[in-house]
Amino acid sequence: MELDESKYLYLLFIVPFFVLLFLYNQYWKRRKQREFGDLEMVKKLSPEKSVFKPILKLVVMLLALVGLIFGLVNPKIGTKMETVKREGIDIVFAMDVSKSMLAEDVAPNRLEKSKQIVSQLINQLGNDRIGIVAYAGSAFPVLPITTDYSVAKMFLQSMNTDIVSSQGTSLDDAIKLSATYFDDKSKTSKLLIMISDGEDHSEGAEEAAEEANKLGMKIITVGVGTEKGGTIPLRVNGIIESFKRDNNNEVVITKLNKEGLTTIAKATKGGYVNGNNTKEVLDYIKNALNNIQKTEFESTQMADFQSQFQWFLGFAFAFLFLDIFLLERKTKWVQKMNLFNEKE
C-alpha cells in the first residue's frame with residue numbers, strides 16, 4: 001500500500017479541533033442555560049431536544065471529513081502481481097561539465113545543448129538501464145544504473161559546472177569511472193556515451209578507452225562545439241561581466257577537438273557524431289542501439305497499484321447525505337435506547 005498525496009494527512013489535525021470546538025459550544029450553551037434559569041425547567045420547556053443527537057451529528061460530520069481527507073490522500077493498494085521481464089542494454093552518459101562547456105558557440109551553450117541531447121536520447125529509450133557521470137578535472141558519479149528515467153532527467157537538469165570542484169577535462173577519469181558502473185560478470189551489452197567538446201587536459205584517454213574495450217564496452221562520443229571555437233563568458237546574476245582569460249591575460253578561445261573524441265570512439269569500435277545537430281545525434285545513436293544485442297537483465301515482481309480515493313469520497317458523501325436527515329430532536333429509537341438518560 002502507498003499514499004499518493006501523503007501531505008494532505010496533516011488535515012487530520014482539523015478533527016480534534018472540531019471536537020474541542022463542539023465541547024466548548026456545549027459548555028457555553030449549558031452556562032447560558034443556567035443564567036436563563038433552572039436546568040430542569042429548561043428541559044421541560046424543550047422536551048424534544050436530544051442530548052445524543054448533536055453528538056451523533058458531530059460523529060457523522062467528522063467521519064465525512066476524514067473520508068474527504070483520505071480521498072485527497074488517495075491510498076493505493078497493490079491488487080495483483082505481475083512478472084516483468086526487460087531486455088535492453090546498460091548505458092552510461094558521461095557529461096563534460098568543465099568551464100569550457102559554457103562557451104556559446106552552440107546555442108544556448110555547450111552544456112545546455114548536451115543536456116538537451118541526453119534528455120531526448122532518454123525519451124527514445126525503451127527498457128535500457130542508464131547511469132550518469134559528470135567530469136571535469138576529475139570524474140564524479142551523479143546517478144547509478146537505474147531504469148527510472150524521470151529521476152535520471154531530474155538529476156540531468158541539476159547538473160552544472162560547479163558540481164566538480166577540480167577544473168580541466170579528464171576524459172580518462174570519465175571512462176574509468178563509467179567502467180565501474182557495469183557488472184563485469186553480466187552479459188548485458190555495455191555502452192558509454194560521452195558528450196564533450198573534446199578538450200582533454202589529461203593523458204591516457206586512448207589507453208583508458210582500450211582498457212574499456214577489453215571489458216566489452218563500446219564508446220560513442222558526441223562532440224559539442226565548433227572547430228572555430230568560442231569564448232567562455234563569466235556571469236554574475238545572469239549578466240556577462242567578463243570572459244575567461246589564461247595566465248597571459250589573453251581571452252581563452254575553446255575549440256571542439258573532434259580528432260581526440262574520434263580516437264577514443266575508434267578504440268572501442270564505437271563511433272563519433274557531431275552534437276550540434278540534435279536530430280543527427282538521435283538518428284545516429286538510435287541506429288547504433290538497433291545494432292547492439294539486447295539481453296534480459298531484469299526479472300522482477302511488480303505490484304499493480306490502483307487508486308482507492310473513490311471509496312473514501314463515496315463514504316464521505318454518504319455521511320454528508322445522512323447528516324441531512326439527522327435532526328437534533330428526540331426520535332423513538334433514541335428514546336428506547338435511553339442514551340444519556342433521555343427518558344423523562
Exercise. Is the closest side-chain donor-acceptor distance between N123 and K153 under 3.5 Å?
Worked result: yes
Exercise. Got more than 12 heavy atoms from elsewhere within 6.0 Å of NZ, K244?
Worked result: no
For this session: Compare all side-chain heavy atoms of M194 with those of I219 and state whether any distance is below 4.5 angstrom.
Result: yes
For this session: Decide if atom CD of Q293 counts as having more than 12 heavy atoms of other residues, nucleotides or ligands within a radius under 6.0 Å.
Result: no
For this session: Report whether V164 and L102 are members of the same hydrophobic cluster (ILVMFWY, side-chain heavy atoms less than 4.5 Å apart, transitive linking).
Result: no
Exercise. OH of Y284: more than 12 outside heavy atoms within 6.0 angstrom?
Worked result: yes
Exercise. Between L192 and S178, which heavy-atom pair has the shortest distance, and what is it?
Worked result: CD1-OG, 3.5 Å
Exercise. Is the shortest side-chain N to carboxylate O distance from D162 to K99 below 4.0 Å?
Worked result: yes
For this session: Measure the shortest side-chain to side-chain distance between I91 and K190 over non-hydrogen atoms and say whether it is less than 4.5 angstrom.
Result: no
Exercise. CD/Q116 to CG/L156 distance, rounded to the nearest 0.5 angstrom?
Worked result: 10.5 Å
Seminar exercise, completed: What one should report as the nearest heavy-atom pair of D128 and Y149 is O-OH, 2.5 Å
For this session: Determine, stepwise, if the pair L72 / L68 fulfils side-chain contact (heavy atoms from CB on, under 4.5 Å).
Result: CA-CA 6 Å; L72 290 173; L68 290 172; 5.9 Å; no
Exercise. Is the NZ atom of K258 crowded by more than 12 outside heavy atoms at less than 6.0 Å?
Worked result: no
Exercise. Going through the checks in order, is the side-chain contact (heavy atoms from CB on, under 4.5 Å) test met by T169 and Y135?
Worked result: CA-CA 7 Å; T169 307; Y135 64 95; 3.9 Å; yes
Problem set entry | Within-4.5 Å side-chain heavy-atom neighbours: E280 and V273 | yes
Exercise. Will you find, in the side chains of N248 and D246, an N or O donor that is under 3.5 Å from an N or O acceptor?
Worked result: no
Exercise. How far does CD of E5 sit from CZ of F70, to the nearest 0.5 angstrom?
Worked result: 14.0 Å
Exercise. Quick one: NZ on K279 to CD on Q120, what's the gap to the nearest 0.5 Å?
Worked result: 11.5 Å
Exercise. Around N291, counting heavy atoms of other residues, nucleotides and ligands shown, do more than 12 lie under 6.0 Å from its CG?
Worked result: yes
For this session: Indicate the atoms forming the closest heavy-atom contact of A265 with T221, along with that distance.
Result: CB-OG1, 3.7 Å
Problem set entry | Spacing of OG belonging to S119 relative to CZ belonging to F93, to within rounding of 0.5 Å | 9.5 Å
Exercise. Around K266, counting heavy atoms of other residues, nucleotides and ligands shown, do more than 12 lie under 6.0 Å from its NZ?
Worked result: no
Problem set entry | I89 reachable from L215 in the ILVMFWY side-chain graph, under 4.5 Å edges | no
Exercise. Among side-chain atoms of T254 and R110, is any donor-acceptor pair under 3.5 angstrom?
Worked result: yes
For this session: State, without any angle test, whether K113 and T278 hold a side-chain donor-acceptor pair at a distance under 3.5 Å.
Result: yes
For this session: Mark yes when over 12 heavy atoms from residues, nucleotides or ligands other than Y181 sit less than 6.0 Å from its OH; otherwise mark no.
Result: yes
For this session: Just do the side-chain contact (heavy atoms from CB on, under 4.5 Å) check on I130 and V92 with the steps written out, would you?
Result: CA-CA 6 Å; I130 59 175; V92 173; over 6 Å; no
For this session: Report yes if some heavy atom in the side chain of L125 is under 4.5 Å from a heavy atom in the side chain of L289; otherwise report no.
Result: yes
For this session: Decide side-chain contact (heavy atoms from CB on, under 4.5 Å) for N274 and L256; before the verdict, give the C-alpha distance in whole Å, the side-chain angles of both, and the deciding distance to 0.1 Å.
Result: CA-CA 10 Å; N274 189 297; L256 171 66; 4.2 Å; yes
